[in-house]
Undergrad: 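The structure that follows is given in the form of structure tokens.
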Amino acid sequence: MRQRFMRKLIETLALACLFLSSLCAYAYDEPSLYASLKSTTSPAKRIEIFEQLAQLHFNEKQEVKLLISAANTAKNAKITDKQMYCYAKICRNYLDRNLIDSISPWRNIIVAHKASNYDAYFIAEACRCMPLIDSKNFRGALDLAMALKQEAENHHNSVGKIIVCGLFAMIYDNTNLHDKAVDEYGQGISMANNYDVMPPLVVRFYLYLPDVLIRMGKADEALAIADESMNYITSHKESLGNELYYNHCIWYIVKDYMRSYIILGDKDKATIYNDKVIEINNKYHFGDDNIPYLFTSAQYNCMMGNYDRSLAQIDYIINHSDFVKCGHLLFKAQLLNKMHRYKESYLTYTTAYDSLLDVMVSNFNREISQLNTNYVKYDAERIASQKIIDKARLYNTYLFGSIIVLLILFLVSLILYFFNRKIRMKLERSNLALSEEKNKINTVNDKLSMALEDVEKSNKKKSEFLENMSHEIRTPLNTIVGFSDLISSESDNMDDTEREYSDIIKTNSDLMLKLVNDILDMSQLDSSIMNVDIKPVDIVLCARNTLKTINTLAKENVRVTFSTYKDSIIINSDKFRLQQLLTNLLGNAAKFTVAGEINLTIKHDVNGIILFIVTDTGCGISKEEKSKIFNRYEKLNEAATGTGLGLYISRLIAEKLGGRLYIDDNYTGGARFIFEHPEHFELGQTLNESNNENNEEQKDE
């Protein structure tokens, strides 16, 4: 009575903790973490924030992206142990989501750096062992677990020892050695509590252990472990990740209470916990297609006399489960017997007997195969031992023969020595001749280097000449443009001819000024003397300012639209050069689009890239012309205005800003240009350098 009273008291306290914890929020929330991430530059702090965000998205796709960001930050800061630990968490995420093929690339990296973080190494190896257990390759799983146990003991790694306990427990449980499985789970929990490591790992032990005890019929022991599980989970809520995973764990424990009281025949308590399971499931839908849960519910309905409901559930399990066990069939036969449907009960018992017989035959064949394997192994060892004995008997004979062979080898060595000496003298003469040829080649290379230096000086002088001439021409040209604007502003006092002449002067002045500016920019970019002013820029505001100019250039039947994923996006860039690039792209679109739409879109790529996409419904660009559109002085339409330098300069600007500019070959409704700009850009950094790691990780996924 005292034990039952204490158990009831513990249950009441656990449920009270669950209720109170559901009213509390986490110590941190996602928006504040992202705000902290933007405000800090410390690698250690950024890694910590990324890990906290990943914890909020435990076992979700978003967790992988956040862990990759944390790993990249650790890699850049050369914090290898943190980097490997993030990779190990990615392996665990893929295992929980049954994405087995995605584990190998990350595991390979961890194995290559296992000395920096053995905890991560054992987690990754466990993710390799679990699929072997699920596929019933128990021999392979046991061999791997034994190797991991030896390695964990050699390195005195507590996490590795705990993980190995879990692997042995799962192997024993799947091979019906339930007592050993219980011992391994208990040992793992004891070690984890002593070392105080990884609450999510301990929770898995607590969730699996009651299930084994229930299947062994030890309901009282299962209830005691369920009490411990509930206390541990509620006290480590913040360490378990997001709210969904926490409630999933609570659902499992409540379900274990229900199963235990069903075994004990306590209808009142079984009903209480059945109602709690249904309440949680109605909110989160954990057990809609969960076979163990449905089987427990069928047992409960049978105990409560709801035979029809119980029969419907067990039929669903038998018809929809890939792993129908003999226990399911036996339960159905017993249920049909209680419903006085004796004929169907007999047929079900027969089916269960056949299924059990198949399992026994399969196990027998497996044991025979194992015996054959052991015999082959023993035979191989016996043959190896016999060979060792034969070698020992022939030792003296081999020794005498070896002495004779050594004498022969000594004579051969003398002959080879004199022969080798003759060859070496010939090689020395050949090397002397090669040295003379090498000196001649070096002389030619020196002359080529001098010629190349002269070419570079000539190119530099050409660029300086173009720059100086452009500046000299720009000054009077600005005056002409200014006066042409002044004349155009007085167009009300002109006749048609004067107005036409004024427009011609203004148009050609603008073209001449643009030509001079393009030549100046081209000379600076070609000679690498143009500096970019990198500072925080609101690219959305920059885009809107550019579109105001393009609206005046677009034809009457053309709509100019703009879309962005955020109202304000701040990145490091050169505002003037970015606006110049967008003006060139949008200006080309306005020039060649007679009707339809010109659209500028800003997107964010998962690899940390900002995409500027300019799409028009104009005449488009043929496949042959796309290969040369970015060349210098390239004009696809000779009748159109322009110098043919706009796209060439735009491509050079894109490279200066660490990105790249290209044409979308898949778009056929006109032309689509895409400019990729790194989200986190530092001066002198290229797009490949800033996103190399993200590209490799995206391929792996």
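Worth knowing before you read on, the calculation uses all heavy atoms, side chains too, and leaves out hydrogens, waters and symmetry mates.
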Undergrad: Going through the distances and angles, do Leu95 and Cys91 end up as a side chain to side chain contact (heavy atoms under 4.5 Å, CB included)?
TA: CA-CA 6 Å; Leu95 177 67; Cys91 292; over 6 Å; no
Undergrad: Would a line drawn from the ring center of His178 to the ring center of Tyr172 be shorter than 6.0 Å?
TA: no
Undergrad: Say whether Gln83 and Tyr87, considering side chains only, have a donor N or O and an acceptor N or O under 3.5 Å apart.
TA: yes
Undergrad: Taking it one step at a time, do Glu60 and Arg97 satisfy salt bridge (Lys or Arg N to Asp or Glu O under 4.0 Å)?
TA: CA-CA 8 Å; Glu60 299 173 1; Arg97 290 162 52 207; over 6 Å; no
Undergrad: Which value, rounded to the nearest 0.5 Å, describes the distance between Gln299 atom CD and Leu294 atom CG?
TA: 11.5 Å
Undergrad: Checking side-chain hydrogen bond (donor to acceptor under 3.5 Å, both in side chains) against Asn154, which of Glu151, His156, Gln150 comes through?
TA: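 So, applying the side-chain hydrogen bond (donor to acceptor under 3.5 Å, both in side chains) to Asn154 and each of Glu151, His156, Gln150, only Gln150 qualifies.
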Undergrad: Quick check on Lys149: does its NZ atom have over 12 non-hydrogen neighbours (other residues, nucleotides or ligands) under 6.0 Å away?
TA: no
Undergrad: Check the pair Trp106, Lys89 against side chain to side chain contact (heavy atoms under 4.5 Å, CB included), reporting the backbone distance first and the verdict last.
TA: CA-CA 10 Å; Trp106 304 101; Lys89 288 183 178 180; over 6 Å; no
Undergrad: Are Asp256 and Tyr206 close enough that a side-chain donor and a side-chain acceptor fall under 3.5 Å?
TA: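 No, no side-chain donor-acceptor contact under 3.5 Å.
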Undergrad: Between Glu51 and Tyr85, is there a side-chain donor-acceptor contact under 3.5 Å, judged purely by atom types and distance?
TA: no
Undergrad: Between the side chains of Ser229 and Tyr252, does any donor sit under 3.5 Å from an acceptor?
TA: no
Undergrad: Checking Ser310 side chain against Asn306 main chain: does a donor-acceptor pair fall under 3.5 Å?
TA: no
Undergrad: Quick one: pull up CD1 in Ile163 and CZ in Phe205 and give me the separation to the nearest 0.5 Å.
TA: 8.0 Å
Undergrad: Would you check, one step at a time, whether the test side chain to side chain contact (heavy atoms under 4.5 Å, CB included) holds for Asn157 with Tyr121?
TA: CA-CA 11 Å; Asn157 186 274; Tyr121 167 73; over 6 Å; no
Undergrad: Is it true that atom CD of Glu279 has more than 12 heavy atoms of other residues, nucleotides or ligands lying nearer than 6.0 Å?
TA: no
Undergrad: Determine, step by step, whether Asp173 and Lys180 satisfy the salt bridge (Lys or Arg N to Asp or Glu O under 4.0 Å) criterion, reporting the C-alpha distance in whole Å, the side-chain angles of both residues, the deciding distance to 0.1 Å, and the verdict.
TA: CA-CA 8 Å; Asp173 188 29; Lys180 289 188 175 182; over 6 Å; no
Undergrad: Does the pair Gln187 and Asp183 meet the rule for a side chain to side chain donor-acceptor pair (under 3.5 Å), with working shown?
TA: CA-CA 6 Å; Gln187 183 180 355; Asp183 292 340; over 6 Å; no
Undergrad: When you look at Thr271 and Tyr261, which way does the side chain to side chain donor-acceptor pair (under 3.5 Å) test go after all the steps?
TA: CA-CA 9 Å; Thr271 300; Tyr261 286 121; over 6 Å; no
Undergrad: For Val111 and Glu125, run side chain to side chain contact (heavy atoms under 4.5 Å, CB included): C-alpha distance rounded to whole Å, both residues' side-chain angles, the deciding distance at 0.1 Å, then the answer.
TA: CA-CA 9 Å; Val111 171; Glu125 288 302 282; 3.8 Å; yes
Undergrad: Working to the nearest 0.5 Å, report the span between CD1 of Ile250 and CD1 of Ile233.
TA: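 Reported to 0.5 Å precision, the distance equals 5.0 Å.
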Undergrad: Between Asn117 and Asp81, is there a donor-acceptor pair closer than 3.5 Å when you use the side chain of the first and the backbone of the second?
TA: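 Checking the backbone N and O of Asp81 against the side chain of Asn117, a donor-acceptor pair under 3.5 Å is found.
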